[in-house]
There are 4 protein chains.
Amino acid sequence: MNYSDKQIQILTTAERLFSSNGFDGTSVRDIADEAGVNIAMISYYFGSKEKLMEALFSRRSEDINMQIESLLHNEQMSSLQKMESLVDSYIERVMQKQQFFKIMMCEQVINKNPAIIKLIGEMKKRNIESITKLIKDGQQKKEFKKKVDVLLLMNTLIGCITQTMLTLEYYQEFNDLQNVPQDQFFEQIKQKLSIHIKFLFKALLNYEA
Amino acid sequence: MNYSDKQIQILTTAERLFSSNGFDGTSVRDIADEAGVNIAMISYYFGSKEKLMEALFSRRSEDINMQIESLLHNEQMSSLQKMESLVDSYIERVMQKQQFFKIMMCEQVINKNPAIIKLIGEMKKRNIESITKLIKDGQQKKEFKKKVDVLLLMNTLIGCITQTMLTLEYYQEFNDLQNVPQDQFFEQIKQKLSIHIKFLFKALLNYEA
Amino acid sequence: MNYSDKQIQILTTAERLFSSNGFDGTSVRDIADEAGVNIAMISYYFGSKEKLMEALFSRRSEDINMQIESLLHNEQMSSLQKMESLVDSYIERVMQKQQFFKIMMCEQVINKNPAIIKLIGEMKKRNIESITKLIKDGQQKKEFKKKVDVLLLMNTLIGCITQTMLTLEYYQEFNDLQNVPQDQFFEQIKQKLSIHIKFLFKALLNYEA
Amino acid sequence: MNYSDKQIQILTTAERLFSSNGFDGTSVRDIADEAGVNIAMISYYFGSKEKLMEALFSRRSEDINMQIESLLHNEQMSSLQKMESLVDSYIERVMQKQQFFKIMMCEQVINKNPAIIKLIGEMKKRNIESITKLIKDGQQKKEFKKKVDVLLLMNTLIGCITQTMLTLEYYQEFNDLQNVPQDQFFEQIKQKLSIHIKFLFKALLNYEA
DNA sequence: AATGAATGAGAGTTCATTCAT
DNA sequence: TATGAATGAACTCTCATTCAT
């Protein structure tokens with residue numbers, strides 16, 4: 001999709017508002033006001049509030065899917081390296097697009113818009129396929145142990161990151177990091193998460209129970 | 001709080017609808033209709049839609065807090081046993097109260113009602129305190145390793161469980177379990193989760209990186 | 001009518017609330033709460049909110065009518081004395097029952113409840129008759145001039161008093177009497193009004209234009 | 001303020017309904033229905049029912065204040081002439097805007113909307129100032145006597161007119177004028193009032209008690 | 001292509017009253 | 001006689017969307 005500046009302005013504002021007030025808690029009037037456009041523009045450009053949400057989802061999920069593709073085709077890395085690279089990539093994506101991942105999380109719960117459900121399903125399916133393939137490769141190369149539950153592994157990855165994203169404030173407060181600039185804090189938390197999850201993955205992929 | 005049958009009927013219906021449509025996506029009319037009560041009863045009993053949500057939260061968080069308390073006072077278990085027991089307890093709670101945990105997840109994102117924010121904060125604080133204490137005990141008894149990041153450990157626990165809860169359908173489909181009765185499927189997934197998370201925790205609490 | 005303590009409590013509270021919030025701006029719940037009785041009592045005792053208003057009106061207008069009757073039958077006073085006595089009596093009544101007169105003023109404007117309209121009409125008719133008779137007597141005794149517009153005279157009396165009642169705060173502020181105790185301030189204003197209106201009446205009843 | 005036709009239609013309807021049913025006794029639905037506009041237009045144009053009332057008040061009080069200003073700057077009249085002109089002007093205004101003055105009277109009693117209270121206060125203050133100035137001028141020119149209570153004079157003016165306005169029906173009935181066309185009746189009553197109040201004012205401003 | 005005006009539908013809440021006890 | 005529980009109706013206001021321009 002090729003969006004005009006105004007359309008991108010709307011999408012960006014919608015993402016921000018949806019992520020902090022929820023879809024039903026955000027009115028198109030709010031979006032239009034904050035985006036500095038006429039209310040009618042939203043229906044005019046996107047058709048409806050729901051379609052706006054779908055456009056927003058399409059835009060982000062395209063981004064995300066492209067990143068995954070490129071990652072796995074790097075032939076020079078070992079399976080574990082690929083997996084670790086995927087972990088970092090995922091951490092990076094979630095932390096960079098926090099707003100979108102918050103929206104996605106809520107949409108997974110609410111589950112009302114079929115188009116969104118479909119998009120999420122496709123993302124998830126593609127994720128599962130990629131990781132399954134990666135793990136099978138690793139198993140063939142004896143890098144990974146035989147029995148790996150791909151879904152639980154994925155849920156551990158995604159759950160741990162999103163849960164951390166949801167509780168960033170607590171982390172900041174608990175570790176007395178309130179005065180650290182946000183950029184720096186984000187870098188710190190990304191590194192912590194990276195080490196933590198890689199450690200978990202090594203256990204899941206190598207150690208026998 | 002002592003609620004009448006009708007009040008419980010309202011709370012139960014609200015929990016179901018909030019969990020599947022979100023707070024803003026559920027109208028008090030919907031709740032009243034499905035609960036089979038007059039629409040005015042909701043304001044009459046709870047004061048407002050927001051207060052209804054708060055009542056719902058109070059009720060569940062009381063439940064949950066009580067469960068945690070009782071668990072940690074069992075003196076006959078080792079620290080690891082306690083931790084594992086806590087894991088199972090958490091899995092059980094989330095799977096049993098899926099609706100409530102979905103609501104809580106969305107509320108953590110949306111973050112609008114101060115009373116709810118406070119309740120969630122208190123639950124989280126209590127969780128952190130309990131687990132911190134448990135881990136310190138384990139470290140004193142040399143059962144656990146020195147360096148443990150309590151928050152990341154908690155996020156792993158909670159994130160993994162909730163993420164699994166959110167994707168139960170995918171799990172069912174992926175593992176061809178569509179024909180298994182729901183009860184049985186839930187038991188299976190709880191066991192899988194239990195083993196998985198206990199394995200992770202053993203790694204986190206014992207193995208050096 | 002013989003009212004029980006509770007009924008009087010309700011009537012008194014209703015008078016206070018109606019006078020400061022208007023009839024439609026006061027809910028029976030407010031009245032019941034402030035009167036310390038069950039909500040259902042109001043319908044139970046008085047039939048409805050409207051009937052309560054009517055009861056309130058009946059009660060006060062009986063009071064007021066009785067006062068007028070007794071006044072005019074005093075045979076020892078001159079016509080002017082009687083008229084001046086009536087002025088003072090009216091000032092006293094309005095200042096003592098400010099709440100009721102405020103309600104009555106609004107009801108005269110709003111004019112919706114037929115029973116109230118009738119009561120007000122009767123009060124007014126009785127007033128007009130009494131004053132007409134008084135003036136005719138005075139004219140026969142050559143105390144008063146020939147041409148007197150009874151209604152304008154009455155409107156001057158009532159209008160001046162009620163307008164003053166409505167603007168007591170301004171009077172207090174304008175004359176720097178904010179620190180005078182209310183009782184004392186009321187006495188002062190009653191005396192001012194008395195002198196003022198008697199002066200006007202003397203002009204209206206004696207001086208030729 | 002520049003209002004569109006529809007807005008003026010709403011304001012006019014609201015004025016009529018507020019004056020005959022009171023603010024709380026009038027629903028926005030009633031106004032919208034009778035004004036022939038969609039119910040949502042009222043919030044759309046004025047923000048809320050309260051704001052509509054405020055707009056109505058602002059509009060009328062601007063009118064009224066302008067009239068007063070222009071009056072007092074006529075240098076060719078004597079003080080008494082000015083005062084009499086002011087009396088006529090006031091009678092004219094009240095009789096022409098009966099609905100608004102009824103609303104204002106009730107609002108003075110009910111006293112709930114701060115914006116309205118402020119507007120009324122300002123009108124009153126301006127009135128007092130103008131009349132005070134006028135009287136002082138007259139006193140300097142020896143046209144008026146020394147001791148004049150400005151507030152009681154104003155209350156007599158306003159009270160007498162408004163009380164007459166409130167009881168027009170009685171006046172009509174009492175003087176057997178039911179068959180006189182309304183326009184003609186209004187002219188008659190205005191003349192009566194004019195003579196009556198001017199007579200009172202001459203007494204108040206000239207005769208010693 | 002873009003928009004201010006306008007709208008029907010539905011939101012949460014409060015209302016006066018009634019009913020079973 | 002007295003009342004807590006309950007209710008249908010009506011309230012004000014906001015919603016996403018449409019339409020004429």
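The analysis underlying the following values was restricted to heavy atoms, covering all of them including side chains, and did not include hydrogens, waters or symmetry mates. Numbers restart at 1 for each chain; the letters A, B, ... are given by sequence-line order, proteins then strands.
- In summary, B:Arg16 and B:Glu34 engage in a salt bridge, as defined by a charged side-chain N under 4.0 Å from a carboxylate O.
- When heavy atoms are screened at a 4.0 angstrom cut-off, A:Tyr45 is found touching the sugar-phosphate backbone but no base atom.
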What does the list of N/O pairs under 3.5 Å between the protein and nucleotides 17-21 of chain F look like, with a distance for each?
from, atom 1, to, atom 2, distance (Å)
F:dT17, OP2, A:Lys49, N, 2.8

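- Rounded to a whole Å, the CG atom of C:Asp30 is 6 Å from the P atom of E:dC15.
- Protein atom CG of A:Leu17 is 12 Å distant from nucleotide atom P of F:dA16, rounded to whole Å.
- A sub-4.0 Å separation between OP1 or OP2 of F:dA16 and a side-chain N or O of A:Lys51 is absent.
- Using a 4.0 Å heavy-atom cutoff across all strands shown, A:Thr26 reaches sugar-phosphate atoms only and no base atom.
- Both the sub-6.0 Å distance and the 45° axial angle are not jointly satisfied by A:Lys6 relative to the ring of A:Tyr45.
- The CZ-C1' distance, from C:Phe46 to F:dA2, rounds to 15 Å in whole Å.
- Shown here, F:dA20 forms a base pair with E:dT3; the pair counts as Watson-Crick or G-U wobble because both key distances fall under 3.5 Å.
- Atom CD1 in A:Ile10 sits roughly 13 Å away from atom C1' in E:dT3 (whole-Å rounding).
- Whole-Å rounding puts the B:Asp33 CG to E:dA11 C1' distance at 14 Å.
- Listed by chain and residue number, nothing satisfies the ring-ring contact (aromatic ring centres under 6.0 Å, His included) test with A:Phe101 (two or more places apart in sequence, or in another chain).
- With rounding to whole Å, B:Asp24 atom CG is found 18 Å from E:dG10 atom P.
- The CD1 atom of C:Ile31 sits 11 Å away from the P atom of E:dC15 (whole-angstrom rounding).
- A donor atom on one side chain and an acceptor atom on the other are not found under 3.5 Å apart for D:Thr12 and D:Glu15.
- The side chain of A:Ser27 places no N or O atom within less than 4.0 Å of a non-bridging phosphate oxygen (OP1 or OP2) of F:dT14.
- Between D:Phe100 and D:Phe57, the distance from one ring center to the other falls under 6.0 angstrom.
- Taking atom CZ of D:Phe23 as the reference point, atom P of F:dC11 lies 13 Å away to the nearest angstrom.
- Pairing for F:dC15 is with E:dG8, a Watson-Crick or G-U wobble pair whose two hydrogen-bonding atom distances lie under 3.5 Å.
- Side-chain contact check for C:Gln99 versus C:Phe18: every heavy-atom pair is 4.5 Å or farther apart.
- Between the side chains of D:Glu54 and D:Asn113, at least one donor N or O sits under 3.5 Å from an acceptor N or O.
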